[in-house]
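Below, chains carry the letters A, B, ... as their sequence lines are ordered, and counting in each starts from 1.
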Amino acid sequence: MTTRKVAQYHQIPQTIINSLHWQQNSPTHLNPPFVAKPPSILATDLIKSYFQKGLVKEARVLFDEMPERDVVAWSSMISGYASCNLYRRAWTTFCEMMRDGVNVQPNEFTFSSALKACKGMRSLSCGALTHGLALKHSMHGSLYVDNALMDMYATCCDGMDDACLVFEEITVKNAVSWTTLIAGYTHQGDGHGGLRVFRQMLLEEAEPNPFSFSIAVRACASIGSHIYGKQIHAAVVKHGFESSIPVMNSILDMYCSCSHLSEADRCFHGMPERDIITWNTLIAGHEKSDPCKSLNHYSLMESEGITPNCFTFTSVIAAVANMAVLSFGEPVHGKILRRGIGNDLAVANALIDMYAKCGSIVNSFKIFNVMCDKNIVSWTSMLIGYGSHGYGKEAVKMFDQMLHSGIRPDRIVFVAVLNACSHAGLVDEGLRYFKSMVSDYNVMPDQDVYGCVVDLLGRAGRVKEAYELIETMPFMPDESVWGAFLGACKAHKLAELGKLAASKVLDLRPKVAGTYMMLSYIYAFDGKWGDSAKMRKLMRRMVNKKEAGRSWIEARNQIYSFVAGDRLGSHVEWVYEVVDTMSLHMKEVEYTTDLHCLIHDLEDGT
DNA sequence: GTAGGGTTAG
């Protein structure tokens, strides 16, 4: 396609097309402003607008047709590719310029754009090479280049040492320099480091702006510090940045991730302006701890005419999964398909999980099977689904398929497959995976992995081996490991070991009602009814009425929510109806109830 | 005519 055709196709004004005759200088028949601009400048203008519209090919055609390309044209191409996330093409264009652009000297714009490409590629070697070239072209002292260098080192290196070296050498730092350093620490998971730099920024009387506040609040969220977050919120108000939506979104997220949901709600209602990220932050923030509210916020968002995007749907689907309310999830799935975003990786992964948690593993597999791109999360979601449905053999098969597809398993995948083996009684397979994770994949087991293996052995009755494993662990077992062991002791009625496990759990995590419940069962089957009752009394003291476990069922297209002992509301009849159906089903499959707890419940009068 | 840092999902 020629420049003329490209321009005509995109309805570029005829005046611009005429002036793009490379050999023709300042056509006299045209009126300003077009006559004033030489063709190469007009072409650069066009290149920029093509990239802004995502018309990458058109930009390249135009660039290739330019008889002479100056440094601005080259830099526009490099930054254009980088702004469209085409970092490798940005980098090859930079290399092409350094190699072929004989008479073109790179400038600050060129190097900062090239460094952005290196950052996007996460390539330290390209970044360091660009650093060397920048020094060779006397770029030291350019704040733009130095800030881009810091950003590149912060993103491409494990530590922050090189970014700090560049930062120290900047004589006059600006807000971007400070913000880049804070962001570097925070994105590497060192929120305390980020806050240290933010404090230093204030001490050195550098003027913080909305960018620095957003990332400082993000640092608070990453370390779960509501105290620091609130202080920075106050500073935001003092500086008059409450009108900045990104800053307020950051604060909203901080309150959610620090579990201060009522404060988050207050913050949300106080926002005069909101964008899609505001809504998404609120929905995602409630998804785990209060999924019902998360869905309410989503309904409110829709009623206000805001169009949900992939982020929204991922959180909504996760909330549906947490509540297992398929009646809410299915229409949302329909909406996703109608919007044509069912192929989005995160959305599809969330759908796999949702159907699995709602009991429809067949639908999980259908989604998994048609996915064009799968990542490790897709495989893990499917493995967790199979595991929770008791399909251990399918999980094992799927794990092997995952290996064949070239995905390297991580710790979470091993937890998923070990869990699946545990629930399906595939002890030897599970132990084989446990051994191979270190020897074949160099993945070190953590508390969760040990917890799974203890559970695997414990469920199968190999309690002695489980105890030996705990004793030989390379680190102190946590409450999840002892908790798994306690479960095994309860299941196999091993009173003495069970008491030991419970005391360990209570040492590590006191005031957990469930542990007292376990101990109560253990004392009951040990014949120590007095101790058993004592544990129940202790347990009741532990239960905070406000945090009572809430259950819900779907019956006749309605969701009914209730807590233990709930006798209020007309819907309670439905609950009993469902419980009766379940009891009938349990009888049909010959499930035997553990009578110890039932007898004790009757004696206890509860 | 070209360049920078911040907020949401898994």
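Contacts of N375(A) with the nucleic acid, taken as non-hydrogen atoms under 4.0 Å apart, are absent. Among the atoms of the strands shown, none is found under 4.0 Å from any heavy atom of I78(A). Across all strands shown, A175(A) has heavy atoms under 4.0 Å from base atoms, whether or not it also approaches the sugar-phosphate. Heavy atoms of K288(A) sit under 4.0 angstrom from primed sugar atoms or phosphate atoms, though from no base atom. At a threshold of 4.0 angstrom between heavy atoms, the contacts of N349(A) with the nucleic acid are absent. Counting any heavy atom pair closer than 4.0 Å across all strands shown, N174(A) reaches a base atom. Here S112(A) lies in heavy-atom contact (under 4.0 Å) with a base. Note on S244(A): a base of the nucleic acid sits closer than 4.0 angstrom, heavy atoms only.
For I41(A), taking side-chain heavy atoms from C-beta onward, the closest of the listed nucleotides dG1(B), dT2(B), dT8(B) is dG1(B). Between dT8(B), dT2(B), dG4(B), one nucleotide has an atom nearer to the side chain of K116(A) than all others, and that is dG4(B). The L143(A) side chain lies nearest to dG4(B) when the options are dG4(B), dG5(B), dG1(B). With dT2(B), dG4(B), dT7(B) as the candidates, the nucleotide lying closest to the side chain of P246(A) is dT7(B). Side chain of A284(A), nearest nucleotide from dG1(B), dA3(B), dA9(B): dA9(B). The side chain of D344(A) has dG10(B) as its nearest neighbour among dG10(B), dT2(B), dG1(B).
Regarding N147(A), its CG atom lies at a distance of 12 Å from the P atom of dG4(B), rounded to whole Å. N280(A) places its CG atom 9 Å from the P atom of dA9(B), with the value rounded to the nearest Å. Atom-to-atom, CE of M382(A) to C1' of dG10(B) comes out at 16 Å; the value is rounded to the nearest Å. The separation between F313(A) atom CZ and dA9(B) atom C1' is 13 Å, rounded to whole Å. As rounded to whole Å, 13 Å separates atom C1' of dT8(B) from atom CD1 of I245(A). Remark: P of dG4(B) and CG of D151(A) are 11 Å apart, rounded to the nearest angstrom. Taking atom NE2 of residue H297(A) and atom C1' of nucleotide dT8(B), one finds them 14 Å apart after rounding to whole Å. Separating the CG atom of D275(A) from the C1' atom of dG6(B) is a distance of 13 Å, rounded to the nearest angstrom.
S75(A) places no side-chain N or O within 3.5 Å of a backbone atom of V72(A) that could act as its donor or acceptor partner.
Aromatic ring centres of Y185(A) and H192(A): separated by at least 6.0 Å. In this structure, Y144(A) has its ring center at least 6.0 angstrom away from the ring center of F111(A).
A donor and an acceptor atom sit less than 3.5 Å apart, one in the side chain of T44(A) and one in the base of dG1(B). On a pure distance criterion of 3.5 Å, a polar donor-acceptor pair joins the side chain of S75(A) and the base of dT2(B).
Distance check: L345(A) CG to K374(A) NZ gives 10.5 Å after rounding to the nearest 0.5 Å.
Using a 4.0 Å cut-off on heavy atoms, the residues of residues 204-219 of chain A that approach DNA chain B are N209(A), P210(A), F211(A), S214(A), I215(A), R218(A), listed by number.
N249(A) and N280(A) form no side-chain donor-acceptor contact under 3.5 Å, judged by distance and modelled atom types alone.
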